[in-house]
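Starting from 1, each residue takes its place in the sequence as its number.
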Amino acid sequence: MTRHVDVLIIGAGLSGIGMACHLTKEQTGRSYAILERRTAIGGTWDLFRYPGIRSDSDMYTFGYGFRPWNGTKVLADGPHIRHYIEETAAEYGVTEHIRFGRKVTTARWSSETATWTVEALDEQTGETEIHTSDFLVGCTGYYDYDNGYRPQFPGEENFGGRIVHPQHWPEDLDYAGKRVVVIGSGATAITLIPAMSDAAAHVTMLQRSPTYITALPADDPVAVGMKAAKVPEKLAYRIGRARNIALQRASFQLSRTNPEAAKKLLLAAVRMQVGPGIDMRHFTPNYNPWDQRLCVVPNGDLFKVLRSGKASIVTDRIETFTETGIRLASGEELPADLVISATGLSVQMLGGMTLEIDGEPVVTRDRVVYKGAMLDSVPNAMMVLGYTNASWTLKADLAAEYFCRVLNHMRKNGFTRVEAVATERDRGADSVMGGALTSGYIRRGDAVMPRQGTNGPWQVINNYFRDRKLLRKGALEDGVLTFRRTEKSTATRPLEGTRSA
């Protein structure tokens, strides 16, 4: 049986649940369904289960704008974030609209019927389901859930211990009393080191190059103060959120306009944390702040375990794995019983599904993005991508609000098709994130990421204040975004009886 809804959302993570809530909150009057490959709500926060898993953005901005995060932790742990998303879905009646265990393989647009036809594999039964919709929204993020980035290490076949990628953390992994080496220097690595240090015999962080790291209080003092003063939750959330958005933007702007000053501030703060016993070369990157994402440690937990001797940090290259550990290019040998390859993500667009327009395949790398939310020449579709230099949710919220504006405008004016079409002069060479950050996963993702535009609404500049004005207040009919009224053919559309809310 073909199932039809007005809006079909792919993904029940932070973005997908937020999008569904906005459809109700903004009174679009549209029926919707969510197809989710996993068996639970949460997306990233259901997938990642490694020790210490937490947000890398503050919760005032990582929480939804429409539903306050009421905790005081600056960075929340994975289980609490997952619970927050689940509670939000339940509060807005979203949960009943989710079909779990569905892997979307293909989405095809027909101009004749003005309809998307989506094939989804029920991974439990092996059967293929057909879903149709007037609009398609991709809320899958941009990385491959099946495979993290895992380089082949020379000589790893000789290693007598176990090598584990954090993206697929084994439930039975026992590291108590073991010598652990964590390969990597990003957010995952700096989370794992302190989380594993109490139980492990010793944890070594092995990095090829350093990352900028900053320490923040585990509990937000402003949040604690407002809670003590019994400031109403919604007001406290608005105040804290506005403050943190401004601080994020100011930090990023300083790094861009005066990188030397930003570098001095960040390194001076680290120097105070690590003390004289640890070489600062391990914390001094060869790039400017915010050329890659800044890593945050609550209460300086990473620095504490380094000072205590429970953990250590080594900056070097791997020559080869040995039976008992890793030999480095310097000749030093790191003994290890367990190696964690916190080596990053593999980028994948739209959850790996194939996209077609009237029988022609869409290559995402050949497209540019309109207002950071729509692929050019792809009708009646949205693609939610969060910020690279701030909280993901800030952009996801704005994109959902914008989509609801578009839907309400179309209903009011009798439009059935919306599309943004770029010209050749609108297309740039960099990916949508290539001009912002130089992280490894962004470089690796260049082959599939849409292109950065050269002008106006095709430029993705990762600026919340600009996007807030553009997406909330900007003209919908701006000469680029086109709306049409079309007579829909009913030849291949499902009967009303198969329509579901």
Side-chain angles (χ1 to χ4, degrees), residues 2-10 19-20 22-23 26-33 35 104 106-119 130-139 350 353-364 366-384 399-423 426-427 450 453 456-458 470-471 474-496 498-501:
T2 300
R3 301 168 176 85
H4 184 83
V5 288
D6 296 327
V7 180
L8 190 61
I9 300 168
I10 314 300
M19 178 64 72
H22 276 285
L23 289 174
E26 306 297 331
Q27 300 180 334
T28 62
R30 307 279 182 161
S31 62
Y32 70 88
L35 300 182
V104 176
T106 306
R108 299 183 176 92
W109 168 263
S110 166
S111 295
E112 180 185 1
T113 62
T115 303
W116 284 99
T117 299
V118 173
E119 294 183 7
I130 303 298
H131 299 259
T132 62
S133 63
D134 301 325
F135 299 89
L136 183 70
V137 185
C139 293
L350 299 172
M353 70 178 176
T354 300
L355 203 64
E356 294 182 6
I357 307 296
D358 294 326
E360 293 294 322
V362 173
V363 180
T364 52
D366 295 342
R367 308 290 171 130
V368 287
V369 181
Y370 172 81
K371 294 187 176 179
M374 294 182 180
L375 281 176
D376 84 273
S377 302
V378 179
N380 288 24
M382 286 276 295
M383 182 178 66
V384 178
E401 289 178 40
Y402 178 71
F403 181 54
C404 292
R405 283 186 67 206
V406 170
L407 290 179
N408 288 339
H409 180 74
M410 293 179 72
R411 171 157 287 179
K412 179 180 177 181
N413 294 279
F415 296 124
T416 57
R417 175 169 173 161
V418 60
E419 184 177 7
V421 181
T423 65
D426 295 324
R427 305 176 196 276
W458 301 108
L470 188 69
L471 297 176
L476 292 175
E477 299 195 48
D478 59 358
V480 178
L481 193 65
T482 61
F483 295 88
R484 302 185 201 175
R485 299 179 182 89
T486 58
E487 289 296 326
K488 294 187 178 183
S489 166
T490 60
T492 58
R493 286 177 62 83
L495 299 176
E496 284 298 310
T498 65
R499 198 176 184 89
S500 62

Compare every heavy atom of [Y] with every heavy atom of [X], then report the nearest pair and how far apart it is.
X      : Y      : result
Ser111 : Arg417 : OG-NH1, 3.0 Å
Glu356 : Pro361 : CG-CA, 4.1 Å
Trp116 : Ala381 : CZ2-CB, 3.9 Å
Ala399 : Val384 : CB-CG2, 4.4 Å

Are any of the side-chain heavy atoms of [X] and [Y] separated by less than 4.5 Å?
X      : Y      : answer
Ile130 : Glu119 : yes
His409 : Phe415 : yes
Leu481 : Met374 : yes
Val7   : Ser133 : no
Trp109 : Asp358 : yes
Arg484 : Pro379 : no
Leu35  : Met353 : no
Asp376 : Arg427 : yes

Ring geometry between Tyr370 and Trp458 (parallel below 30°, tilted from 30 to 60°, perpendicular above 60°):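 Trp458 vs Tyr370 ring planes: perpendicular.
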With Thr423 via side-chain contact (heavy atoms from CB on, under 4.5 Å) - residues at least two apart: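 Checked Thr423 against side-chain contact (heavy atoms from CB on, under 4.5 Å); matches are Arg425, Asp426.
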So, taking the atom named [atom1] in [X] and the one named [atom2] in [Y], what distance separates them when rounded to the nearest 0.5 Å?
X      : Y      : atom1 : atom2 : value
Thr28  : Asp6   : OG1   : CG    : 8.0 Å
Thr113 : Arg108 : OG1   : CZ    : 12.5 Å
His131 : Thr117 : NE2   : OG1   : 11.5 Å
Glu477 : Phe483 : CD    : CZ    : 5.5 Å
Ile9   : Phe403 : CD1   : CZ    : 7.5 Å
Leu136 : Leu350 : CG    : CG    : 8.0 Å

Asn380: partners by side chain to side chain donor-acceptor pair (under 3.5 Å), with sequence neighbours left out: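 Partners of Asn380 by the side chain to side chain donor-acceptor pair (under 3.5 Å) criterion come out as none, since no residue qualifies.
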Side chain to side chain contact (heavy atoms under 4.5 Å, CB included) evaluation trace for Thr132 with Val118: CA-CA 6 Å; Thr132 62; Val118 173; over 6 Å; no
Donor-acceptor contact below 3.5 Å, side chain Arg367 vs main chain Ala422: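 A pair under 3.5 Å: no.
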Donor-acceptor pair, side chain of Asn408 and main chain of Glu26, under 3.5 angstrom: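 Yes, the answer is positive, given that a donor and an acceptor are paired below the 3.5 Å cut-off.
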Qualifying salt bridge (Lys or Arg N to Asp or Glu O under 4.0 Å) pairs, either residue in residues 399-413, two or more places apart: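 Those involving residues 399-413 are Glu401-Arg472.
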Salt-bridge criterion met for Asp134 and Arg30 (N-O under 4.0 Å):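 No, no charged N to carboxylate O under 4.0 Å.
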